[in-house]
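Report on the structure given below.
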Protein chains: 2
Amino acid sequence: MAKSTHAAASAPAAHAAAARPATSAPASTGAPAAQRGVTMADVAKAAGVSRTAVSFVLSNRENASISEETRTRILETVQVLGYRPNAGARALASQRSDWYGIVTEIVTAPFAVDIIKGAQDQAWLHRRFLLIAPSDQADATGPNQGMEDAAVEKLLEQRVEGLLYAATYHRAVHVPKSANEVPTVLINCFDADGKLPSIVPDERAGGRVAVERLLQAGHSRIGVINLDPDIPAAVGRLEGCREALAAAGLELDPELVVSGHATADGGYEAACEILDKYQAGAGRPTALFCLNDRMAMGAYDAIKERGLAIPQDIAVIGFDNQELIAAYLRPKLTTVALPFEEMGALGVQTLASLTAGQPITAHQQMVDCPLLERYSV
Amino acid sequence: MAKSTHAAASAPAAHAAAARPATSAPASTGAPAAQRGVTMADVAKAAGVSRTAVSFVLSNRENASISEETRTRILETVQVLGYRPNAGARALASQRSDWYGIVTEIVTAPFAVDIIKGAQDQAWLHRRFLLIAPSDQADATGPNQGMEDAAVEKLLEQRVEGLLYAATYHRAVHVPKSANEVPTVLINCFDADGKLPSIVPDERAGGRVAVERLLQAGHSRIGVINLDPDIPAAVGRLEGCREALAAAGLELDPELVVSGHATADGGYEAACEILDKYQAGAGRPTALFCLNDRMAMGAYDAIKERGLAIPQDIAVIGFDNQELIAAYLRPKLTTVALPFEEMGALGVQTLASLTAGQPITAHQQMVDCPLLERYSV
DNA sequence: TTCTTTTGGTAACGCGCGTTACTTCGAACG
DNA sequence: CGTTCGAAGTAACGCGCGTTACCAAAAGAA
């Protein structure tokens with residue numbers, strides 16, 4: 001709780017009470033410094049025109065008839081006075097807020113940030129603001145439904161034009177009811193009731209591309225370090241794995257599939273089990289497909305412990321592209337990336353279509369998981 | 001760019017054109033479903049009172065005289081109609097927006113998310129909304145000043161009551177001029193002009209606590225894998241290191257300080273240099289203080305390559321607490337954490353004081369960097 | 001009984017802006 | 001010379017709400 005905050009030795013002056021007084025300095029020098037609270041009426045008065053004229057000029061109205069002369073005069077006045085439009089007032093008058101809301105679990109999120117970034121960038125391009133509301137809260141006792149409802153409620157109070165609902169791992173979710181009042185798109189998750197449009201990673205294609213890469217490198221006996229077999233990610237990735245093998249006329253040996261806890265330790269143990277089951281050349285796999293990068297990290301240790309080299313003796317391929325792991329393991333990990341940024345961006349695009357009343361391409365959109373080649377295959 | 005979006009096989013129904021029509025259903029059944037666009041006036045009419053009365057009740061006015069009877073009647077009507085206050089209109093009328101803005105580099109940020117989370121949580125507790133604006137943008141050519149100005153400008157258009165400016169690594173920054181129009185607090189950086197209040201990690205105390213831990217474990221000859229010696233983080237941490245040694249009557253041997261690139265590879269090379277400079281027992285350090293976790297990751301490899309055990313032969317301590325590295329290395333890395341969340345939270349608290357006109361405790365507040373004990377010492 | 005105070009409200013203004021309907025004026029037209 | 005018409009601009013309303021000033025009736029006080 002960061003109690004020990006003390007004055008810094010390095011900062012010479014101690015502007016302690018730096019709070020700005022809220023008093024308005026009515027008419028300062030004619031400096032171009034933006035004065036607080038300059039309104040459209042002020043601009044109008046200073047330019048000697050009506051407020052309406054200013055509004056017309058600033059909103060670039062097509063069929064407004066304003067002479068080029070007054071037009072430039074108004075724009076100059078805007079500059080001089082440092083006028084800045086009031087987004088809230090504009091929203092009130094025009095009945096459109098230019099805001100989207102996103103509710104997501106920030107706390108437990110190594111990935112949420114990527115979704116947010118993708119969405120944020122795209123929203124910025126669409127000249128929209130993205131309001132972020134946490135669906136989990138520090139002082140709440142776990143991620144409770146109450147928080148989510150409150151988050152959606154707060155967002156709706158801000159009159160967001162659309163809602164994004166993002167999960168940090170691919171799964172089915174229940175979205176608060178009030179989300180129905182506004183166009184809503186799910187990201188990295190799907191509606192358990194099947195009503196809302198969603199955007200998810202194409203796990204199956206990802207699994208396929210991973211195993212295809214191993215096959216292409218000449219491996220035919222491939223071990224799989226599996227996640228909890230019930231979650232959508234595991235189902236899809238394993239299915240893709242089977243497809244790739246089948247296309248090469250191979251089958252997945254159930255003996256070579258080991259499920260473990262989705263951690264480095266879990267990966268370590270699973271890798272040990274697979275590696276110790278066979279002798280080299282006598283059925284021992286020459287490649288490991290780890291269904292996430294954390295497990296790949298553990299597998300690395302198991303492999304190195306046995307004096308084996310990556311990728312010469314055993315090739316490893318991961319999933320997720322957890323940057324801080326994959327890019328810093330030695331050798332760097334070849335892995336399949338989860339397209340969080342793209343999903344975030346696509347979410348905003350979909351929302352934009354929806355709010356514009358346009359049809360969307362599909363109820364559930366799947367985004368490719370690209371292979372990231374590094375040095376472990 | 002996520003081109004291949006195709007209909008999902010798993011989603012049965014194809015609610016393709018799910019766009020909601022914007023037509024208002026004037027008087028639906030008396031269902032309790034929240035009708036879009038219920039206003040305070042609607043509530044007033046339905047409850048048979050004036051709009052003022054509703055406003056008084058909803059804002060819990062102290063000295064308003066509303067009988068308990070009408071009060072409950074109003075509240076019931078609010079429930080029934082599903083009235084939801086319009087935050088924008090409220091902001092306009094009350095001249096306070098309840099919004100803070102934060103501008104930060106999301107792109108290049110393994111850490112920015114933590115700052116945001118801390119700030120977000122705290123803002124939520126203060127019943128404030130946090131608007132996030134990116135200071136770097138996907139299509140921009142690098143982090144340019146133009147983007148930052150635009151970000152601040154956009155935030156001010158939203159009439160944020162205060163501004164947070166966050167960097168992802170501790171450094172001096174230049175803040176856009178217009179930030180002066182509103183209370184502003186810097187997080188994980190400081191104003192090059194020395195005007196704005198800031199919140200930074202106490203690097204020196206962090207360096208001290210790290211080395212104290214090593215000393216306590218019986219190490220007296222400690223190697224240091226340094227960052228670029230010029231950045232504030234390196235200066236502070238090294239200073240703390242010297243202090244701890246001095247307190248134990250020791251001095252820092254310049255021979256044992258090696259600077260490297262702030263990556264795993266840089267750490268690997270630096271560690272190799274230190275380890276190969278001496279024989280075991282003949283001056284070779286028994287512990288390494290790595291000034292960040294990525295370098296510690298490389299150091300691990302150098303140590304293991306030489307057949308040495310962590311922490312039995314060589315103890316390692318890191319800095320930053322980059323979760324995905326520190327918590328998954330084997331053995332798990334003891335490190336000093338950068339208090340991003342705390343800094344974010346403290347930033348909002350400071351902003352709250354500032355906007356309330358209260359004095360703040362110090363121009364620059366330093367937040368402790370706690371030691372995280374794991375298994376590498 | 002008359003005057004004052006309290007209780008329980010309401011009318012009306014303004015926040016900053018988008019938007020529609022209207023006015024004025026000079027030029028072209030018949 | 002009267003009429004029409006476009007150009008240039010303005011008055012005024014309303015978005016949803018906070019807030020101040022005011023009012024009517026009931027309850028005490030003198």
Those residues that, when tested against [X], pass side chain to side chain contact (heavy atoms under 4.5 Å, CB included) (two or more places apart):
X: A/E68; value: A/R71, A/T72
X: B/L92; value: A/N86, A/A89, A/L92
X: B/A166; value: B/I102, B/T104, B/I115, B/I187
X: B/A352; value: B/Y100, B/H126

When you match B/F56 and B/P85 each to their closest nucleotide on DNA chain D, which lands nearer the 5' end?
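Result: B/P85.
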Identify, between B/L92 and B/A53, the residue whose nearest nucleotide on DNA chain C lies closer to the 5' end.
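It is B/A53 whose nearest nucleotide is closer to the 5' end.
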Using heavy-atom distances to pick each residue's nearest nucleotide on DNA chain C, tell me which of B/T52 and B/A93 is more 5'.
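Of the two residues, B/T52 wins.
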What residues, two or more places apart in sequence or in another chain, satisfy salt bridge (Lys or Arg N to Asp or Glu O under 4.0 Å) together with B/E76?
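Partners of B/E76 by the salt bridge (Lys or Arg N to Asp or Glu O under 4.0 Å) criterion come out as none, since no residue qualifies.
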Which residues pass the salt bridge (Lys or Arg N to Asp or Glu O under 4.0 Å) test with B/R96, sequence neighbours left out?
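Counting only residues at least two positions away or on another chain, B/R96 forms a salt bridge (Lys or Arg N to Asp or Glu O under 4.0 Å) with B/D98.
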For B/A179 versus B/T184, what's the shortest heavy-atom pair and its separation?
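Heavy-atom minimum between the residues: O-OG1, 2.9 Å.
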Could you report the tightest heavy-atom contact between B/R159 and A/R84, atom names first, then the distance?
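Where B/R159 meets A/R84 most closely, the heavy atoms are NH2-O, 2.9 Å.
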Among pairs that include at least one residue of residues 37-54 of chain B, which meet salt bridge (charged side-chain N to carboxylate O under 4.0 Å, His left out), considering only residues two or more places apart or in two chains?
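Residue pairs with at least one partner in residues 37-54 of chain B: there are none.
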Within the structure shown, what part of the strands sits under 4.0 Å from B/S94 by heavy-atom distance: base, sugar-phosphate, or nothing?
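Since only primed, P, OP1 and OP2 atoms lie under 4.0 Å of B/S94, the category is sugar-phosphate.
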How is A/S55 classified with respect to the nucleic acid when contacts are heavy atoms under 4.0 Å: base, sugar-phosphate, or nothing?
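The answer is base, as A/S55 lies within the cut-off (heavy atoms under 4.0 Å) of a base atom.
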Specify the residues of residues 62-70 of chain A, ordered by number, for which at least one heavy atom lies under 4.0 angstrom from an atom of DNA chain C.
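The answer is none.
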Enter the inter-axis angle for the ends of the helix from C/dT1-D/dA30 to C/dG30-D/dC1 (five pairs per end, rounded to 10°).
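Computed from the C1' atoms at both ends, the axes differ by 60°.
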Who pairs with B/F129 by ring-ring contact (aromatic ring centres under 6.0 Å, His included), at least two apart in sequence or on another chain?
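Expected list: B/W124.
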For A/F190, what residues pass the ring-ring contact (aromatic ring centres under 6.0 Å, His included) criterion, not counting sequence neighbours?
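Per chain and number, A/F190 pairs via ring-ring contact (aromatic ring centres under 6.0 Å, His included) with A/H170.
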What are the bounds, 5' to 3', of the part of DNA chain C that sits under 4.0 Å from heavy atoms of chain A?
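Listed 5' to 3', the contact boundaries are C/dG16 to C/dT20.
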